[in-house]
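In what follows, a single structure is set out as structure tokens and then discussed.
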Amino acid sequence: MFIELVDALRCPVPHEESWLVASSTRMEARHIVDGLLGCPVCHAQYAVHNGVADFRREPVLALPGEPDPFLRGDAATSMRLAAFLGLSDALGFVVLLDEWGAQASALRELVETPILLVDPPAGRDGEPGISVVLSDGVPPLAAGAARATAIGDSSAERAAAAVRLTRVGGRLVGPARLAVPAGVREIARDDTLWVGEKEPERSPLVTLHVRRG
Ligand SMILES: [Zn+2]
């Protein structure tokens, strides 16, 4: 868990939003390898082990299935991913949800952008440049925290959560068979993927007064 990403993490327990307090027993290249994340509001503690921050409160019932063949880690897919997500520099961080975690090592070869995996395929540890969190379904991240997000073959709720955690103007990529979620403007698509940009949220509080006469 990259120390600079800790600011973007949020306690998944429903209560007022709060940062988490990190402590570590083992660090490597500014990454917490082993340690704890504590919530100052509800006092929940989340363990970090082998670079993986575990936010799960529910017992784990099922192992993730086989990743889609086209989502397996390979140079061609990770190159498309880097281009679609616009990862041309080291600013911010990119979120790879679910089976996209299989691309993390290949993507890391190509880009300097810190990578955060949410619920990757089983057995994926964190390492310098690649942070990992496990969740009960809602990514434990602040709204608008990520510069770009790759959505796996997931539910509409999961896709909506992905939109929420991406900053306005940030890129999102998803599988072609997943509908482009609300709040995302499609830019391009091919047989397997679409790419879009997060639109500004419309504020219901803004009213335009038009003077007549
Ligand atoms: Zn809490």
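Read the numbers this way: they start at 1 and go in the same order the structure lists the ligands and their atoms.
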> Under 4.0 Å between a Lys/Arg side-chain N and an Asp/Glu carboxylate O for R124 and D119?
Replying inline: no
> Any chance the side chains of T192 and R80 put a donor and an acceptor closer than 3.5 Å?
Replying inline: yes
> Is a donor on one side and an acceptor on the other found under 3.5 Å between the side chain of R10 and the backbone of D7?
Replying inline: yes
> Would you say W100's side chain and P120's backbone share a donor-acceptor pair under 3.5 angstrom?
Replying inline: no
>> Which heavy atom of A148 sits nearest to which heavy atom of L85, and what is that distance?
In response: CB-O, 3.8 Å
>> Please give me the minimum heavy-atom distance between D190 and A176, naming the atom from each residue.
In response: O-CB, 4.1 Å
>> For a distance under 2.8 Å, give residue and atom name for each protein N, O or S atom next to the Zn ion (ligand 1).
In response: C11 SG, H15 NE2, C39 SG, C42 SG
